[in-house]
There are 2 protein chains.
Amino acid sequence: MPAARRTPTGTHRTASESGAETRDRLQAAARACLRQDGIAGVSARAIARHGDLNQALVFYHFGSVDGLLQAVARTDAERRALLYAERLAGVKTLKDLVSVGHQIHQVEFAEGNTAVLAQLVAGAASSPELGAAVQDGMQAWTTLVEDALARVLADTPLGAVVPLADIAYAIASLFLGLELMGGVDGDSTRLDSLFTSLDAVSGLVDLLLHPPT
Amino acid sequence: MPAARRTPTGTHRTASESGAETRDRLQAAARACLRQDGIAGVSARAIARHGDLNQALVFYHFGSVDGLLQAVARTDAERRALLYAERLAGVKTLKDLVSVGHQIHQVEFAEGNTAVLAQLVAGAASSPELGAAVQDGMQAWTTLVEDALARVLADTPLGAVVPLADIAYAIASLFLGLELMGGVDGDSTRLDSLFTSLDAVSGLVDLLLHPPT
DNA sequence: GTCTATATTTAGATAGAC
DNA sequence: GTCTATCTAAATATAGAC
């Protein structure tokens with residue numbers, strides 16, 4: 001229990017303050033549950049266990065388990081959009097883009113955010129409402145990648161040959177798939193190796209696209 | 001009900017014949033359930049509905065719902081290994097490889113096999129046994145792609161720079177991720193566009209790797 | 001807002017008739 | 001092998017005390 005605070009109403013703390021904290025804890029618990037047990041292992045009781053919370057709070061604050069998952073999807077999409085926009089802003093070359101991708105990957109994978117997203121996407125198959133919530137987040141993601149690609153490949157032959165929207169979509173899909181694959185094997189070293197290779201190849205492609213006279 | 005057949009025992013049909021057919025129908029129903037409802041919507045009763053079968057048959061033939069899903073994973077892995085080995089055998093160039101990939105994609109996506117696999121992989125998070133069953137199938141997949149890549153990129157600089165195992169792993173992950181993404185949006189045209197671009201790029205890379213003197 | 005208790009539904013699994 | 005009936009456990013969701 002956090003320390004009580006004085007409020008204008010005279011109660012120990014405002015309803016909105018306390019409720020907001022509980023809602024945050026519920027979302028955090030839902031993320032932990034999705035990460036460890038997957039969408040198939042999610043239930044109000046399982047989530048409550050992960051956050052040492054009361055099961056009934058799920059329904060009071062979010063109406064249903066699905067409602068809580070939708071909230072997680074929307075909150076994460078917002079956070080992801082901010083993080084990616086900030087990091088991708090200064091990208092000028094393909095090598096830069098791969099480098100930023102590597103950085104984002106390390107943060108997001110370490111925190112398990114991509115695993116959560118992958119499980120939510122899988123869960124979208126059994127809930128149209130959850131599907132809608134997830135879709136918004138994916139679009140924000142692919143749009144940001146697409147904009148970065150547009151800057152990097154502008155005025156190059158590759159930009160004319162390849163539809164950027166498709167590449168962005170493929171990149172987002174690849175991250176999702178890698179996270180799912182990582183769940184079935186031990187992984188961990190594989191992704192770093194992959195990014196090292198991408199770094200080398202992207203450097204070569206940059207040279208091809210922008211020859212140093 | 002299929003037509004009864006005479007058997008040595010004098011019964012209408014042998015136990016093994018009938019049992020095998022029911023097991024097949026249960027697996028088919030489980031696939032349909034995974035495709036339409038996702039791993040979160042799977043239950044013995046839901047599966048039974050999809051195949052117009054009795055719920056108790058799941059437990060008689062496979063011991064548990066998880067057992068049935070494991071059987072689906074292993075059966076699909078076998079089928080996939082055969083299909084891929086056959087198609088990939090004659091691949092000599094990167095453009096060939098992309099073309100075969102496109103063909104396989106069209107068949108597998110149309111039948112929903114990749115969607116089933118994606119849901120099984122997501123479900124592996126809540127069942128180590130299912131995870132083990134799925135992992136075998138993924139390894140067979142990535143190994144076949146890796147062998148094809150080794151043939152295509154043999155004696156080229158790219159083969160030396162890029163660990164083939166990682167690329168194969170990434171390709172398998174990409175297919176999984178694309179299928180999951182396709183579940184949340186309308187998709188359908190996106191993949192064809194992506195393969196068209198890949199076809200163009202792979203042709204260029206082939207030219208770079210094997211210049212026509 | 002949070003807790004306990006509970007009503008209701010659904011899922012996993014088994015026993016026994018056929 | 002397949003079916004009906006049923007037991008048990010777990011899940012969703014709500015009511016009411018605090």
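All of these numbers come straight from a predicted model, not from anything done at the bench. Keep in mind that the numbers below use all heavy atoms, side chains included, and drop hydrogens, waters and symmetry copies.
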Is the closest basic N to carboxylate O distance between B:Glu108 and B:Arg79 below 4.0 Å?
yes

Under 4.0 Å between a Lys/Arg side-chain N and an Asp/Glu carboxylate O for B:Arg190 and B:Asp185?
yes

Without decimals, in angstroms, what is the distance between [X] [atom1] and [N] [atom2]?
X	N	atom1	atom2	answer
B:Leu68	C:dA13	CG	P	12 Å
B:Arg45	D:dT6	CZ	C1'	10 Å
B:Asp37	C:dA11	CG	P	11 Å
B:Leu69	C:dG12	CG	P	10 Å

Nearest to the side chain of [X], which nucleotide is it out of [options]?
X	options	answer
A:Ala56	C:dC3, C:dG1, D:dC3	C:dC3
B:Gln55	C:dG12, C:dT2, D:dT2	C:dG12
A:Asn54	C:dT2, D:dC3, C:dC3	C:dC3
B:Thr22	D:dG1, C:dA13, C:dT2	D:dG1

Sorted by position of nearest nucleotide on DNA chain D, 5' first, the leading residue of A:Ala46 and B:Leu57 is B:Leu57

Ignoring backbone atoms, test whether A:Ser43 places a side-chain nitrogen or oxygen under 4.0 Å from the OP1 or OP2 oxygen of D:dA10.
no

Just call it for B:Ala44: base, sugar-phosphate, or nothing, with non-hydrogen atoms closer than 4.0 Å on any strand.
sugar-phosphate

Within the structure shown, what part of the strands sits under 4.0 Å from B:Val65 by heavy-atom distance: base, sugar-phosphate, or nothing?
sugar-phosphate

Do the side-chain N and O atoms of B:Ser127 and B:Asp66 include a donor-acceptor pair separated by under 3.5 angstrom?
yes

